[in-house]
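Some notes on the structure that comes next.
Below, all heavy atoms of this structure are taken into account, side chains as well, without hydrogens, waters or symmetry copies. From a predicted model like this one, the values you see are computed outputs, not experimental measurements. Here is the naming used below: chain letters follow the sequence lines, and residue numbers restart at 1 for every chain.
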Amino acid sequence: MTVTFPDGSVRSYERGITGLEIAESIAKSLAKAAVAIEVDGTEWDLSRPLHKDCTVNIIKRESEQGLALIRHDTAHVMAQAVQELFPGTQVTIGPVIENGFFYDFGRKEPFSTDDLVAIEKKMHDIIDRGETFEREVWNRDDAIQYFKDKGEMFKAEIIADLPPQEDVSVYKQGAWLDLCRGPHMPTTKHIGHAFKLTKVAGAYWRGDSDKAMLTRIYGTAWRDEKELEAYLHMVEEAEKRDHRKLGKEMDLFHFQEEAQGSVFWHPKGFTIYNQLENYIRRRIHARGYVEVKTPQLIDNKLWEKSGHWGKFRENMFVVPDVVPNTDEEGSIFKEEPTKFMAIKPMNCPAHVQIFNQGIKSYRDLPIRMAEMGCCHRNEAHGALHGLMRVRQMTQDDAHIFCREDQILEEVKAFVQLFYEVYKDFGFEDIHIRLATRPEIRAGEDAIWDKAEQAMAEALETLGLAFEYSPGEGAFYGPKYEFHLKDAIGRSWQMGTCQLDFVLPARLDSHYIGEDGNKHHPVMIHRAIFGTFERFIGVLIESFGGKLPMWLAPVQCVIASITGDANDYAQKIYDRMFAQGLRVALDIRNEKINYKVREHSLAKVPVMFVVGQREADDNKVAIRRLGGKDQDIKSLDEAIETFINACKAPY
RNA sequence: GCCGUUGUAGCUCAGGGGUAGAGCAACGCAUUCGUAAUGCGUGGGUCGGGAGUUCAAAUCUCUUCAACGGCACCA
């Protein structure tokens, strides 16, 4: 039998040779480093015999694949440790995830953080025992029966649901065994000790909120201690960039119980917000958008017609249109409400109302209707998360009403604009998903074909990589989702672009076509920032609070060294303030070290430090955030340079 | 919404049935200082809300609210 290697070399072996033996035949060191083997693209155990010609790649512990195996095996060892320590706990699944693994357990009493310490200790024991991973293929019914007899109902359910052609493989490690597709490393000793259990959490069985709640334990695992330490350090550093922490430290915004999920923007935070709003307004106006403002509170009749009442009701805040009871006693309302209004969760139906005023010609299209629309969504309590997931949000929303033949052009123009904007903020790691037709949908398949094709084509012609999310599109049309990651690696959807063939018809929108007949326009729902709240959250984390000068709430502090220079500092401040710069004056009776430290911690990008010397020569000492050197310039030059540095990118 | 954890001064946190603590911040006084913390002093709390156990609750129990970590959700 012939075996081909990644470098193209071919060797011949006896049938039945194992991966480990192949590795040994090449080099002892290779056999030592090997943890698994890839056979014709599938990962196998080293101990599994090969029976036919194949292409192989020996997986070393040091490789990325090796790391995934370490994590997978650590998850198994954790499951074993848990069952040794807590008999009666049921095992379920334990996959490898980014930076580590988790395992879900079925158990009446969830684990506590203290239990993690004991589990970790037991895991180290099991690894030191050096148990051999042994693969066995079982009869499906026997396997189901075996796990049922052990009371492992979840595992039995998994086996019953395996595709019929798939082998039911079971791995033994010492006295313990688990259903697993494999492969595993030769022994538990190969795992090493560079792992740590990080957190306990609840998770639904099969990700279904109607099913049982399991206990999930997360862990991280690495090839060696150094990697583990580096990872833990990285997490620690990332937590310092958390926008909730920085928001408090930098006095940007706060939240409180009485308005959960809604932001109290402080003057400094709202400065950032306003700069962004001004910026995006300049951007879209240049691209031919018009701006509107629509009502917050709208009668339910419109939401029923638009379909939101049917599809989005549980996320809406509904207000009864009844006079409240003024008596202290009794119910809130004088009478049972019969008429309801809802605070808008989206702007689209309102924009259609504006489109519907008067008669539109095909020549009027496209109409790009923008609104910095403030929306409220009744998000589940557990979903709320700082600025990233709020109940009151303002979108940089717009709806493009266009003809079918304009879709490609409009989508392309939007994606270009989107990228221009994100580049201005230094966001380059943008993950695009194209969500396609869901099972339950409106509109003809022919239209969907055209729409999905147009959206894919737009990205392709722009040379942008994307991933499909099959079946994840809106019921009314396909969409793009633009994702960015926060400080600790969580992915958030920012901008979006959605084609809609349904709403204009539901809300009776028409234009008169070239043929003289009425047609429904196509609507493109799109947002660049997504919401100001989430965008600012990601922005803060991405800059670690050190915002670019055009966004910084305070761009420059003018600080005096001693009281002698206070008048001069005041003069500089007045002059810069008059020029519209965001400056602060610090003439407190404090040492310059104290002032520098305080403003540095507040992440003010620039300080103009002035003492008697500067006052005498009409100069300033410029200190940039984090910089060691000071730069002495004449006042005029310093201000001119500063103004240029504060310019917005657009 | 579900599982778990946490709520003590403006902030960060200690304490854990018997008079409420620290550092920073604030305020006052002194100090006039050259690029990341000058010194001394003073004030500050219904220990998240409600109920219970107890002679006595910040501490124990129940309940409720919020935040945090996940899960589910995110047209």
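- B:A36 and B:G41 have their C1' atoms separated by 26 Å, given to the nearest Å.
- Rounded to a whole Å, the CD atom of A:Glu258 is 16 Å from the P atom of B:G48.
- Among A:Trp492, A:Tyr422, A:Phe482, the single residue meeting the ring-ring contact (aromatic ring centres under 6.0 Å, His included) criterion with A:Phe535 is A:Tyr422.
- When the side-chain nitrogen and oxygen atoms of A:Arg490 are compared with OP1 and OP2 of B:G69, one or more of them lie within a distance under 4.0 Å.
- Side-chain nitrogen and oxygen atoms of A:His381 include at least one within less than 4.0 Å of the OP1 or OP2 phosphate oxygen of B:A66.
- Counting non-hydrogen atoms under 4.0 angstrom, A:Lys479 reaches the backbone sugars and phosphates but no base.
- Remark on RNA chain B: of its neighbouring residues A:Met607 and A:Phe475, the 5'-side contact belongs to A:Met607, judged by nearest-heavy-atom nucleotide.
- Within 4.0 Å of A:Glu249, counting heavy atoms only, lies no atom of the nucleic acid at all.
- Atom CG in A:Asp115 sits about 10 Å away from atom P in B:U5, given to the nearest Å.
- Remark: A:Tyr218 is not in phosphate contact with B:G4, judged by side-chain N or O atoms under 4.0 Å from OP1 or OP2.
- Under 4.0 angstrom from either OP1 or OP2 of B:G69 there lies at least one side-chain N or O belonging to A:Arg244.
- Between the P atoms of B:A58 and B:U53, the separation comes to 15 Å (whole Å).
- For the OP1/OP2 pair of B:A67 and a distance below 4.0 Å, the side-chain nitrogens and oxygens of A:Gln260 include at least one atom meeting the criterion.
- A donor atom on one side chain and an acceptor atom on the other are found under 3.5 Å apart for A:Thr294 and A:Lys344.
- Here, B:A14 and B:G43 have their P atoms 26 Å apart, quoted to the whole Å.
- Taking atom CG on A:Asp104 and atom C1' on B:C2, their separation rounds to 14 Å, with Å as the unit.
- Nearest nucleotide to the side chain of A:Gln630, out of B:A36, B:G4, B:U35: B:U35.
- Judged by the 6.0 Å and 45° rule, A:Arg216 forms a cation-pi pair with A:Phe102.
- Residue contacts shown for A:Glu614 include a base, since a base heavy atom lies under 4.0 Å away.
- Looking at the side chain of A:Thr562, the nearest of the listed nucleotides B:U35, B:A66, B:C33 is B:C33.
- Counting distance only, with no hydrogens placed and no angle test, the side-chain atoms of A:Tyr204 and the base atoms of B:G70 include no donor-acceptor pair under 3.5 Å.
- Straight-line distance between the P atoms of B:U6 and B:C13: roughly 14 Å, to the nearest whole Å.
- You'll find that the side chain of A:Asn593 is closest to B:A37, out of B:A67, B:A72, B:A37.
- Residue A:Lys199 has a polar side-chain atom (N or O) positioned under 4.0 Å from OP1 or OP2 of B:G70.
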Sort me out a list of protein N/O and nucleotides 6-13 of chain B N/O pairs below 3.5 Å, or just none if empty.
{"residue": "B:U12", "atom": "OP1", "partner": "A:Lys248", "partner atom": "NZ", "Å": "3.1"}

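- Between B:C33 and B:C27, the two P atoms lie 23 Å apart (nearest whole Å).
- With rounding to the nearest 0.5 Å, the separation of CZ in A:Phe105 from CZ in A:Phe154 is 12.5 Å.
- Within 4.0 Å (heavy atoms only), A:Leu601 reaches at least one base atom of the nucleic acid.
- Candidate nucleotides B:G69, B:A36, B:C3 were compared by shortest atom distance to the side chain of A:His385, and B:G69 ranks first.
- The closest donor-acceptor contact from the side chain of A:Asp115 to the backbone of A:Ser112 lies under 3.5 Å.
- Using a 4.5 Å heavy-atom cutoff, the side chains of A:Phe255 and A:Leu387 are in contact.
- Among the candidates A:Arg441, A:Lys479, A:Arg437, the single residue satisfying the salt bridge (charged side-chain N to carboxylate O under 4.0 Å, His left out) test with A:Glu452 is A:Arg437.
- Relative orientation of the A:His254 and A:Phe264 rings is parallel, given thresholds of 30° and 60° on the angle between their planes.
- If you check distances only, the side chain of A:Gln256 never reaches the base of B:G48 with a donor-acceptor pair under 3.5 Å.
- Residues forming a ring pair (Phe, Tyr, Trp, His ring centres under 6.0 Å) with A:Phe543 (at least two apart in sequence, or on another chain): none.
- The interatomic distance linking A:Lys628 (NZ) with B:U35 (C1') rounds to 10 Å, in whole Å.
- Between A:Tyr594 and the phosphate of B:C24, there is no side-chain N or O to OP1/OP2 separation shorter than 4.0 Å.
- Atom NZ of A:Lys603 is separated from atom CD of A:Glu249 by 5.5 Å, given to the nearest 0.5 angstrom.
- In terms of position on RNA chain B, the residue among A:Val609 and A:Gln498 whose nearest nucleotide sits closer to the 5' end is A:Val609.
- Closest to the side chain of A:Ala201, out of B:A36, B:G34, B:G70, is B:G70.
- Checking side-chain atoms of A:Gln493 against main-chain N and O of A:His483 turns up no donor-acceptor pair under 3.5 Å.
- Atom pair A:His254:NE2 and B:C68:C1' shows a separation of 18 Å (rounding to whole Å applied).
- No hydrogens or angles were tested; on distance alone, a donor-acceptor pair under 3.5 Å links the side chain of A:Arg389 to the base of B:C73.
- Residue A:Ile400 holds its CD1 atom at 5.0 Å from CD1 of A:Ile524, rounded to the nearest 0.5 Å.
- Remark: the separation of the P atoms in B:A25 and B:G10 is 16 Å, to the nearest Å.
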* Asked: Under the side chain to side chain contact (heavy atoms under 4.5 Å, CB included) criterion, do A:Val91 and A:Glu152 qualify, and how do the steps go?
  -> CA-CA 7 Å; A:Val91 287; A:Glu152 295 276 10; 3.4 Å; yes

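- Rounded to an integer number of Å, the gap from CD of A:Glu598 to P of B:U38 is 11 Å.
- For the pair A:Arg377 and B:C73, the criterion of a side-chain N or O lying under 4.0 Å from OP1 or OP2 is not met.
- Pair assignment for B:C68 gives B:G4, based on Watson-Crick or G-U wobble hydrogen-bonding distances that are each under 3.5 Å.
- The gap from the C1' atom of B:G15 to that of B:G52 amounts to 24 Å, rounded to the nearest Å.
- A:Ile592 comes within 4.0 angstrom of sugar-phosphate atoms only, judged by non-hydrogen atoms across all strands, and of no base.
- Each of B:A36, B:G4, B:A67 was ranked by its minimum atom distance to the side chain of A:Pro110; first place goes to B:G4.
- As judged by a 4.0 angstrom heavy-atom cut-off over every strand, A:Arg216 is placed among residues touching the sugar-phosphate backbone only.
- For the pair A:Arg206 CZ and B:A72 C1', the interatomic distance rounds to 16 Å; values are reported in whole Å.
- Considering CD of A:Gln612 and CG of A:Asp564, their distance stands at 5.0 Å, rounded to 0.5 Å.
- Near-neighbour residues of RNA chain B inside residues 306-318 of chain A, defined by a heavy atom below 4.0 Å, number-ordered: A:Phe312.
- Between the CZ atom of A:Phe255 and the P atom of B:G48 there is a distance of 22 Å, rounded to whole Å.
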